[in-house]
Structure formats: C-alpha cells, structure tokens
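The chain is numbered in sequence order, starting from 1.
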Amino acid sequence: MGWITLQDQNIFKPKLLKKIIRLNPNSINYNIEAVKPNKNLEIQEANDLFFVVNVNDFSVLKAFFLIWFFLTLMIYLITFDLYETLFTLPLLVFVLWEVAFNYLNPIQEIVLDRLNGTITYPKRFFYKTPHTVLFSEVQFFEKLDRFESTDSDRDRSQFLYLKHPSNKKKLNLATINIYDRKNDPFGSRLNEVMSFYIWYMDKNRPLPPGTAFDPYRKNDFDRRRDEGFLAPLYPSSIKTSEANSYQAKVKSDYIKNNNS
C-alpha cells in the first residue's frame, strides 16, 4: 500500500505500509555529534549492535509549571485563600503525575537490537516492563489527524507509527505538517524515517548512512562475511552499498566464488 496523497486528506483510517526500504535516509543522516548519552530526547547509542533513542519528554516547560505550582502553594500557605486552594489543586495533581511518571517509571527508550532482530519501546502509565517484540512482526502505519482548522492544512499533521499485532500500543516515529507536505508530495521525511528503521534492522545489509556508524562498519562487515553474506531480510528499492570499494569487491568475489 502506498502513502496517503494530498488528494486523500479526508481519509483518516490508518494505512498499512509495506516494510520496504524506499529512500536513502539522507535527511536523518545520523552523525557522531548526534549521539548524546544521558540526555532526554536524544540518541543514546548508535553502533552495529544497538540503536537507542531516549523518548522521555520531561521538558523545560513542564519544569516551569512545577515551579509555578510550588510558588502558588507557598502563597496559599500564607494567605489561606479559597481561590488559591482551587487554583492549586489541579497543579498538585499535575505535579504528582509528573513525578510518578518521570521518576518512578523506568527510563523511556526505544531500543533497536540489530542482531537479535527485536525492538523495545516503553509502555505508558506506570508499567515497568517495556514491550520487546520481533521487528519482523511489527507493522508500519500512516494516518492523518482529524483536526481541521480555518487555516486549511497548516495545522494538520500526518503521522508514521508502528505497532505489534499483539497489543494496542502505538509508537509514533515521525510527524509531518500537511502544509509542509505540499512541498514534499511524496512524503520523503516519513519515507526516510521508515527506511532507516528497516535498513538498520536488516542485519544482512551494511549499516545505514551516518558518521555515527563509521567506527563500527568494519566489525559489521566482518560479521556478515563470516556468516556468508546472507540474503537481505527486507526488500529495498534503492542500493544499500558497502562502505567502500574494498568491501564491495570482497563481497562480490565471495558471492561469485560460492555461486560458481
């Protein structure tokens, strides 16, 4: 199934996407500088074994609300005003939720395990054990939001997400504004995100583009050579070439000698 086109914008039902490498993920070319361990919403690890992204969204804005709450509480304790009580109560609920969700819950991460072929993604609402499922079993979907505004498509979004048939948890991978999509009618951004996930999780292909993976390309190549350069796990409409001409020749010679 193809991507939702601009003519399909009134179709809100999610579309199942074929698991295929469609585009070279140039716009999300991960470099070494993009790997920032122990930082929220950043890449924690990127190598030939794991690709890990933190998805904990505890933001500066939320921290501001926490400070706002404590200041309000202090004012209430001084004034004992009913208005302050009503004003403080919803903030108290918010703070308790944030503390429980962000500090009592485990670290929120998406973990791609390249060699074992699994993807781990966090559960919500205080579940301590995240989902770990076979990547080969997850399905990719795209959908449009249902929100329409007076500014036409400017405030509408298109989403790429995946989920496993065994549970209802959806993992949002990328979002593109429909207004911007008019300059990108083929959904390149969403295509590239999906292509990166599939490419990385195909352990029989070279690692995807990005300088973050450069230190690990030789190890990955040696492993694939020792395994006999097995056939790719997922189809691709683009070439997923080796890192250099030497590796390409070694692979070509190996395949030629073993097929003769």
Side-chain angles (χ1 to χ4, degrees), residues 19 21-63 101-103 105-124 128-136 138 140 142 157 159-164 169-177 180 187-221 223-224 233-234 236 238 240-241 243:
K19 198 175 291 180
I21 302 171
R22 301 170 182 268
L23 291 177
N24 197 316
N26 292 320
S27 69
I28 54 171
N29 194 345
Y30 293 112
N31 54 40
I32 294 176
E33 292 75 19
V35 181
K36 300 177 181 178
N38 303 317
K39 288 194 175 184
N40 288 352
L41 304 179
E42 299 288 353
I43 300 169
Q44 307 297 297
E45 185 177 355
N47 53 47
D48 58 324
L49 303 177
F50 299 101
F51 183 81
V52 183
V53 181
N54 181 287
V55 290
N56 189 320
D57 61 352
F58 188 79
S59 65
V60 174
L61 181 61
K62 291 180 180 178
F101 182 79
N102 291 285
Y103 295 104
N105 242 7
I107 296 174
Q108 306 287 309
E109 290 181 338
I110 301 171
V111 180
L112 299 181
D113 185 334
R114 178 170 163 87
L115 297 191
N116 292 311
T118 62
I119 178 171
T120 299
Y121 51 101
K123 293 181 180 179
R124 295 290 189 179
K128 292 186 177 181
T129 304
H131 294 291
T132 298
V133 296
L134 291 173
F135 185 80
S136 60
V138 299
F140 285 87
E142 63 153 347
S157 297
F159 304 93
L160 168 69
Y161 67 89
L162 61 78
K163 71 184 215 45
H164 191 270
K169 167 66 178 175
K170 298 176 182 178
L171 176 62
N172 188 46
L173 300 178
T175 303
I176 185 171
N177 191 285
D180 297 327
S188 297
R189 171 67 181 178
L190 301 186
N191 263 307
E192 289 184 18
V193 171
M194 186 176 76
S195 294
F196 170 80
Y197 273 77
I198 298 170
W199 188 339
Y200 180 83
M201 290 304 292
D202 193 334
K203 65 178 183 179
N204 296 340
R205 293 185 186 274
L207 287 164
T211 58
F213 299 112
D214 287 351
Y216 311 99
R217 295 191 189 280
K218 184 179 184 304
N219 286 342
D220 188 74
F221 176 81
R223 173 189 60 79
R224 290 185 290 110
L233 301 175
Y234 306 106
S236 175
I238 63 170
T240 55
S241 305

Checklist entry - Tell me, which pairs form a salt bridge (charged side-chain N to carboxylate O under 4.0 Å, His left out) where one or both residues lie in residues 37-54, sequence neighbours left out? => result none
Next on the checklist: If you define the side chain from C-beta out and look only at heavy atoms, does anything of Leu233 sit under 4.5 Å from Ser136?
Outcome noted: no
Next on the checklist: Minimum heavy-atom separation for Asp220 and Arg205, please, with both atom names.
Outcome noted: OD2-O, 3.8 Å
Next on the checklist: Can you tell me how far apart NE2 (His131) and CD1 (Ile110) are? Round to the nearest 0.5 Å.
Outcome noted: 12.0 Å
Item to check | Tyr121 OH to His164 NE2 distance, which is reported to the nearest 0.5 Å | outcome: 7.0 Å
Next on the checklist: Run the side-chain contact (heavy atoms from CB on, under 4.5 Å) test against Lys19 and tell me which residues pass, sequence neighbours left out.
Outcome noted: Phe135, Val138, Phe140, Ile198, Tyr234
Checklist entry - Are Leu112 and Phe50 side-chain neighbours, meaning at least one heavy-atom pair lies under 4.5 Å? => result no
Item to check | Side chains of Leu171 and Ile119 in contact at under 4.5 Å (non-hydrogen atoms) | outcome: yes
Checklist entry - Side-chain contact, heavy-atom cut-off 4.5 Å: Leu173 with Leu162? => result yes
Checklist entry - Between Asp202 and Thr240, is a side-chain contact (heavy atoms from CB on, under 4.5 Å) present by the stated rule, with each step listed? => result CA-CA 11 Å; Asp202 193 334; Thr240 55; over 6 Å; no
Next on the checklist: Is it the case that over 12 heavy atoms from other parts of the model lie below 6.0 angstrom from the CG atom of Asn38?
Outcome noted: no
Item to check | Heavy-atom closest contact (Pro206 atom, Ser241 atom, distance) | outcome: CG-O, 3.5 Å
Checklist entry - Which class fits the ring pair Phe51 and Phe196: parallel under 30°, tilted 30 to 60°, perpendicular over 60°? => result perpendicular
Checklist entry - Mind checking what makes salt bridge (Lys or Arg N to Asp or Glu O under 4.0 Å) contact with Lys218, not counting sequence neighbours? => result Asp222
Checklist entry - Salt bridge check: are Arg217 and Asp214 linked by an N-O gap of less than 4.0 Å? => result yes
Checklist entry - Of all heavy-atom pairs between Arg22 and Met194, which one has the smallest distance, and what is that distance? => result NE-CE, 3.2 Å
Item to check | Residue of the set Tyr30, Tyr200, Trp199 for which ring-ring contact (aromatic ring centres under 6.0 Å, His included) holds with Phe213 | outcome: Tyr200
Checklist entry - Taking all non-hydrogen atoms of both residues, which atom of Ile238 and which atom of Leu23 are closest, and how far apart? => result CD1-C, 3.5 Å
Checklist outcome for this item: Heavy-atom nearest pair, Pro209 first then Asn24, reads CG-OD1, 3.3 Å
Checklist entry - Are any of the side-chain heavy atoms of Gln44 and Glu109 separated by less than 4.5 Å? => result yes
Item to check | Non-hydrogen atoms of Asn116 and Leu134 that approach each other most closely | outcome: O-CD2, 4.3 Å
Checklist entry - Given side chains that start at C-beta, do those of Leu207 and Arg114 come closer than 4.5 Å, heavy atoms only? => result yes
